[in-house]
Engineer: 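Can you read through this structure? Questions will come right after.
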Amino acid sequence: MIMRKKISREFYNRPTLTIAKDLLGKYLVRKVGRKELAAKIVETEAYIGPKDKAAHAYGGKVTNRNKVVYLEGGHAYIYLCYGINWMLNLVTKKEGIPECVLIRAVEPLLENYKDPKQHIQLANGPGKLCRWLKLDKTLNEEDLVDSKKFWLEDRGEEIKKSQIVASKRIGIDYAGSWADKPWRFYLKDNLFVSRK
DNA sequence: CTCGCGATATTCT
DNA sequence: GAATATCGCGAGA
């Protein structure tokens, strides 16, 4: 018997760095037609609002793209990067505070698979996990607390503090000293994280 | 194995 | 017009 508890609004109304760490070991559930895809989160990055040069909301600016980040915690912020890859973010904190957590890698839950190597390759990167979960702009601005298509679950997995590794974020060298913040978190020794 | 680069579309200057 | 929170391929070592 697997415990399946949908994550509620309160979860998202806490400090963003805390949420980024707590998300490890939680599950994303995505409903496509009759099928349900589930994947365990193994890697995240925090983006802290107006003061974080690497964040889209740096300086408190609002654009058509990033306005979703200003919504109440629990919404999905999905946008296109490099014209090809969708990125999944979870909005945190109250309305008006533009903070979010980028989901960088997940472990797909599969009943059977032939090649373990392929299994790992399915979702070990922010663009790939969106492809696997069939996430695109139609899911942007989706409220994950209410949604019937896409939400998060706690399946009772406990992650010990010693299993969480903090490191620098990836792909944001343009952000100067902000690029050095240890705001990327992943599960130690997990094969599904995007990079070592 | 590592490295370099092109794809491709949305956004901002 | 330039930049971008990436990916996958192909060349070379």
Engineer: Figure out the OH/C1' separation between A/Tyr58 and B/dC12, and round it to whole Å.
Structural biologist: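 Atom-to-atom, A/Tyr58 to B/dC12, this comes out as 16 Å.
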Engineer: When the P atoms of B/dC5 and C/dA3 are compared, how many Å lie between them, rounded to an integer?
Structural biologist: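 Each nucleotide's P atom is 16 Å from the other's.
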Engineer: Return the nearest nucleotide to the side chain of A/Pro126; candidates are C/dC7, C/dA5, B/dA7.
Structural biologist: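 Of the options given, the side chain of A/Pro126 lies nearest C/dC7.
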Engineer: Mind checking A/Asn89 for me? I need base, sugar-phosphate or nothing, with any heavy atom below 4.0 Å counting as a touch.
Structural biologist: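 Base, at least one base heavy atom under 4.0 Å.
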Engineer: Would you indicate whether A/Lys6, at its atom NZ, is surrounded by more than 12 heavy atoms from other residues, nucleotides or ligands within a distance under 6.0 Å?
Structural biologist: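 Above 12, so yes.
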Engineer: How about A/His119 and A/Phe192: are their ring centroids closer than 6.0 Å?
Structural biologist: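 Distance test on ring centres: under 6.0 Å, yes.
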Engineer: Whole angstroms only, please: what is the CG-C1' distance between A/Asp173 and C/dT4?
Structural biologist: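 The distance from CG of A/Asp173 to C1' of C/dT4 comes to 13 Å, rounded to the nearest Å.
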Engineer: When you compare the ring of A/Tyr47 with the six-membered ring of C/dA5's base, are the centres less than 5.5 Å apart and the planes under 30° from each other?
Structural biologist: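 A/Tyr47 ring centre within cut-off of C/dA5 base, planes near parallel; stacks.
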Engineer: Nearest to the A/Arg104 side chain among C/dT6, C/dG8, B/dT11, which nucleotide is it?
Structural biologist: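 Out of C/dT6, C/dG8, B/dT11, the nucleotide with an atom closest to A/Arg104's side chain is C/dT6.
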Engineer: Does A/Thr63 place a side-chain N or O at less than 4.0 Å from the phosphate oxygens OP1/OP2 of B/dC12?
Structural biologist: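 Affirmative; the distance criterion is met.
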Engineer: With a 4.0 Å cutoff (strictly under), does any side-chain N or O of A/Lys128 reach OP1 or OP2 of C/dG8?
Structural biologist: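 Yes, because at least one side-chain N or O of A/Lys128 sits under 4.0 Å from OP1 or OP2 of C/dG8.
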Engineer: Pick the nucleotide of DNA chain C nearest each of A/Gly171 and A/Gln121; which residue has the one closer to the 5' end?
Structural biologist: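 Residue closer to the 5' terminus by nearest nucleotide: A/Gly171.
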Engineer: Applying the Watson-Crick and G-U wobble criteria at under 3.5 Å, what pairs with C/dA5? Answer none if nothing qualifies.
Structural biologist: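 Paired with C/dA5, as far as the under-3.5 Å criterion goes, is no nucleotide at all.
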Engineer: Is it the case that more than 12 heavy atoms not belonging to A/Lys40 sit under 6.0 Å from its NZ atom?
Structural biologist: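 Yes, the 6.0 Å shell around NZ holds more than 12 heavy atoms from other groups.
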Engineer: When the distance from CG of A/Asp136 to P of B/dA9 is rounded to whole Å, what number comes out?
Structural biologist: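 So the CG-P distance, A/Asp136 to B/dA9, works out to 14 Å.
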Engineer: Given C/dA5, is OP1 or OP2 found less than 4.0 Å from the side-chain N or O atoms of A/Tyr174?
Structural biologist: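 For A/Tyr174, the contact criterion (side-chain N or O under 4.0 Å from OP1 or OP2 of C/dA5) is met.
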Engineer: Are A/Glu157 and A/Arg155 close enough for a salt bridge, meaning some N to O gap below 4.0 Å?
Structural biologist: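 No, no charged N to carboxylate O under 4.0 Å.
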Engineer: Let me know the distance between CD of A/Glu45 and C1' of C/dT6, rounded to the nearest Å.
Structural biologist: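 Going from CD in A/Glu45 over to C1' in C/dT6 covers 12 Å.
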Engineer: Using whole Å, report how far CG of A/Leu129 lies from C1' of C/dC7.
Structural biologist: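 So the two atoms are 13 Å apart, to the nearest Å.
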Engineer: Under 4.0 Å between a side-chain N/O of A/Arg65 and OP1 or OP2 of C/dA3, yes or no?
Structural biologist: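 No, outside the criterion.
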Engineer: Measure from CZ on A/Arg131 to P on B/dT8 and round the result to the nearest Å.
Structural biologist: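 My rounded result for the distance is 13 Å.
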Engineer: Where the side chain of A/Asn85 is defined as all heavy atoms beyond and including C-beta, which of C/dT6, B/dT10, B/dT13 is the nearest nucleotide?
Structural biologist: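 Ranking C/dT6, B/dT10, B/dT13 by closest atom to the A/Asn85 side chain puts C/dT6 first.
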Engineer: Between C/dA2 and B/dG6, how far apart are the P atoms? Round to whole Å, please.
Structural biologist: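 Straight-line distance between the two P atoms is 15 Å.
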Engineer: How would you label the contact of A/Ile172 with the nucleic acid (heavy atoms, under 4.0 Å): base, sugar-phosphate, or nothing?
Structural biologist: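 The answer is sugar-phosphate, as A/Ile172 gets under 4.0 Å only of primed atoms, P, OP1 or OP2.
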Engineer: Can you check the A/Asn66 CG to B/dT10 P distance for me, whole Å?
Structural biologist: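 It is 17 Å, rounded to the nearest whole Å.
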Engineer: Taking side chain to side chain donor-acceptor pair (under 3.5 Å) as the criterion, tell me which of A/Lys21, A/Glu99, A/Lys93 meets it with A/Thr16.
Structural biologist: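 That would be A/Glu99.
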Engineer: Base, sugar-phosphate alone, or nothing: which one does A/Leu102 contact when heavy atoms must sit under 4.0 Å apart?
Structural biologist: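 Base, at least one base atom sits under 4.0 Å.
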Engineer: Of all the nucleotides listed (B/dT10, B/dT13, C/dG8), which has the minimum atom distance to the side chain of A/Lys61?
Structural biologist: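 Side chain of A/Lys61 sits closest to B/dT13.
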Engineer: Could you check whether A/Asp136 pairs with A/Arg131 (Lys NZ or Arg NE/NH1/NH2 to Asp/Glu carboxylate O, under 4.0 Å)?
Structural biologist: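 A salt bridge is absent here (no side-chain N lies under 4.0 Å from a carboxylate O).
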Engineer: Just the rounded figure in Å: distance from P of C/dT6 to OH of A/Tyr79.
Structural biologist: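 The distance from OH of A/Tyr79 to P of C/dT6 comes to 7 Å, rounded to the nearest Å.
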